[in-house]
Amino acid sequence: MVAPNRVPRRLFAALEARLADLDRLPRSLWLGGLTHSRGGIEPRLALLVHLRTAMVAGELPAADDWRWPDAELAQPLHGVFTRQGLHTYCRDQAGLADTVLQSLLFHLDFIVDYQDRGAEAARARQMALEAFEADWCERRGQMDELIEVFGSLPDDGKNTRWDQMRGLLRSAGWQEVVRIRRLIERLPALSALIRSLGRARPTQDVDTGRLRRTPTLMPATALRATTRTVRVPDLPGETRGVERSDRIARMLPIESTLLGHRTLRLVWHARRAERTLLTYEDDDRMQEVVHEEAPVWLPDPAPQPEQRQEMGPMLICVDTSGSMQGGAEAVAKATVLEAVRHAHAQKRDCHVFAFGGPDEVVEMALTVDSDGIERIARFLGQAFRGGTDICGPLERCVDMLESAQWELADLLVATDGEFGATAELSARLDAAKQARGLRVQGVLIGDRETIGLLEIADDVFWVPDWRRYGHSDADSPVHSKSLTAMYFPGALRTPENRDATRSGGDASAAVRAGQRQNIPTKETRK
């Protein structure tokens, strides 16, 4: 009888060991790996594991290392992988590598069918290889097109998604995406600005547009009082030794004996005249306070620039009003597409608000997968013709900043500036800037900064030649975007203007009192 502790825990362990490679494969490759018509199951599973691992690393194992299929197929298959560069597309794309291997199993399984239809064995293998290469030659063209537009492949590389992607890439909406992508190459400064959005990571650069109000210290020089000891010679205090001088009071006794002698007294007088009498040397030390310059650190009352932040999520508000038609519409679409490109390349969240008139706000989480690309193509393919109401999307943006996902987001507004936010909404936006560090970047696709845009944006990027991106070749008729600030400075709701503004009640009371001058302002009432 076998002791209980010596009974094998897994009765079928030896049989299951043949399928150990299944644990290293995704479930999508299990069926094809187990039921394929060619070769043994162990070398087939081992090849799938080996080839998948190498392709995700961007490498292609030599054909001699392939344990499956036989050499008559392994060498030409290796050639197909090399010609199409499939391993380079699969770098860090495990989903795409699984799709390639599924396709490989699918086409090689057809060799038996080709032979059943009367093809010779060599011809059947050749037909399978040609079908596999033709399939991925077409998909490689699609992948190149996606990489050109988005910088990298979509997030999902499933086989079913590629069939959906094929139809999408042939649509008119996608052709508009390609046209917009080529447009952004003419606006490198706008691309760099979009890349710098977000506040998730500090950089080494200084953000001169943002000043820190927290107190800081600066180096300076100030007078500092110190106490020191000063030696005062000849002041009775401490006897230090003997010296020669004419001080009679400190004269040694031996010198006084000379005065009593009638001859030597002349010597004494001579010594005194020469100041060579032997006298006691004494002095004293006194304490005195002196002021000298010393380096100190003093509080700096001036606000200091902060470190520039970057990365993190992005909130994009794009104006789809009727005034944006033409070149402005093309630049606005290019701004959205470039934001999606950077978000996909840097794994950042991107949320787009397309706003028109009141209650005309379309929200889109634009991700680069098959569904997201379809939404992008549909959005970029539509024409702009709505009204303009910025309040709705701004309210939504401020609400989203309260969530953990979007609290480090920056807001970008692409518009011609033909709108105005209410004073309450501007105040709420300012509160979000102060409390959360929100930055609002404006992209002016028009000829002048408007009051509405200046009140919400911390900085405005001007695209002066926006007409050239439409069907016009005209230059901008103005030399500066700041015409409002130059010619109508009083129209801006700056803190100074707000303080100098008379309220309706004060003005009414002053008129009733017959005071047409010196109407009290908000500042003077304090």
Side-chain angles (χ1 to χ4, degrees), residues 21-22 24-26 28-148 152-154 156-163 165-166 169:
D21 285 331
L22 284 177
R24 302 166 60 187
L25 287 174
S28 58
L29 291 175
W30 282 14
L31 181 60
L34 289 172
T35 63
H36 203 273
S37 60
R38 298 191 67 83
I41 188 171
E42 292 96 336
R44 186 166 59 245
L45 294 178
L47 184 276
L48 292 177
V49 172
H50 183 47
L51 195 55
R52 182 177 186 270
T53 304
M55 291 172 66
V56 173
E59 301 172 352
L60 180 64
D64 297 336
D65 296 335
W66 291 27
R67 296 181 57 189
W68 180 89
D70 51 48
E72 294 179 341
L73 275 174
Q75 287 292 348
L77 272 176
H78 188 275
V80 173
F81 273 78
T82 303
R83 284 193 297 275
Q84 301 300 327
L86 297 180
H87 54 290
T88 59
Y89 291 100
C90 293
R91 181 188 295 274
D92 300 325
Q93 293 279 346
L96 180 60
D98 296 341
T99 302
V100 173
L101 295 179
Q102 283 181 296
S103 175
L104 175 65
L105 294 172
F106 174 78
H107 285 287
L108 294 187
D109 219 10
F110 266 92
I111 294 178
V112 178
D113 293 338
Y114 295 144
Q115 289 177 318
D116 288 343
R117 296 172 191 171
E120 297 291 337
R123 177 57 186 159
R125 289 195 296 270
Q126 185 63 30
M127 291 172 66
L129 290 172
E130 290 175 355
F132 176 69
E133 184 167 12
D135 188 6
W136 281 98
C137 184
E138 179 187 358
R139 295 191 186 186
R140 192 186 67 168
Q142 298 169 3
M143 290 189 290
D144 290 339
E145 204 167 339
L146 291 170
I147 291 174
E148 180 185 0
S152 59
L153 289 173
D156 55 346
K158 296 181 180 178
N159 200 26
T160 55
R161 298 293 188 183
W162 282 109
D163 296 337
M165 198 76 71
R166 182 183 296 113
L169 297 185

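Within 6.0 Å of CZ on R83 lie more than 12 heavy atoms contributed by other residues, nucleotides or ligands. The local environment of CG in L31 is sparse, with at most 12 non-hydrogen atoms from other residues, nucleotides or ligands closer than 6.0 Å.
With D98 contributing its side chain and L29 its backbone, the two residues share no donor-acceptor pair below 3.5 Å. For Q102 (side chain) and G32 (main-chain N/O), no donor-acceptor pair under 3.5 Å exists by modelled atom type. Using a distance-only test at 3.5 Å, with no hydrogens or angles considered, no donor-acceptor pair links the side chain of H87 to the main chain of A54.
W136 does not carry R140 over the face of its six-membered ring by the limits of under 6.0 Å from the centre and within 45° of the normal.
Remark: E148 engages R182 in a side-chain contact (heavy atoms from CB on, under 4.5 Å) (not counting sequence neighbours).
Once rounded to the nearest 0.5 Å, the distance linking CG of L108 with NE2 of H36 reads 5.0 Å. The CE atom of M127 sits 8.0 Å away from atom CD of E130, with the distance rounded to the nearest 0.5 Å. The CG atom of L153 sits 6.5 Å away from the CE atom of M143 when rounded to the nearest 0.5 Å. Taken to the nearest 0.5 Å, the CD atom of Q93 stands 13.0 Å off from the CG atom of L86. Atoms CD and CG, on E133 and D135 in that order, are 11.0 Å from each other to the nearest 0.5 Å.
What you find for L101 and L48 is that their closest heavy atoms are CD1-O, 3.8 Å. Minimum interatomic distance between R139 and T99 (heavy atoms only, all atoms of both residues): NH1-CG2, 3.4 Å. Nearest heavy-atom pair, R44 versus R38, reported as atom, atom and distance to 0.1 Å: NH1-O, 2.6 Å. Between L25 and W30, the closest heavy-atom pair is O-NE1, 3.3 Å. Here the shortest heavy-atom pairing between A128 and I111 reads CB-CG1, 3.6 Å. Listed here is the closest heavy atom pair of R67 and L47: N-CD2, 4.2 Å.
Taking the side chain as every heavy atom from C-beta outward, F132 and L77 approach each other to under 4.5 Å.
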*Would you sort out whether L22 and L34 count as a side chain to side chain contact (heavy atoms under 4.5 Å, CB included), showing the intermediate values?*
CA-CA 9 Å; L22 284 177; L34 289 172; 3.9 Å; yes

_Determine whether W68 and I41 satisfy the following criterion, side chain to side chain contact (heavy atoms under 4.5 Å, CB included), listing intermediate values before the conclusion._
CA-CA 9 Å; W68 180 89; I41 188 171; over 6 Å; no

Only distances under 3.5 Å count here; give the side-chain donor-acceptor pairs of residues 115-125 to other protein atoms, sequence neighbours excluded, each with its distance to 0.1 Å.
residue : atom : partner : partner atom : Å
R125    : NH1  : E72     : OE1          : 3.2
R125    : NH2  : E72     : OE1          : 3.1

Table please: side-chain donor-acceptor pairs of residues 59-66 below 3.5 Å, with sequence neighbours left out.
residue : atom : partner : partner atom : Å
D64     : OD1  : Q75     : NE2          : 3.4
W66     : NE1  : P61     : O            : 3.2
W66     : NE1  : A62     : O            : 3.4

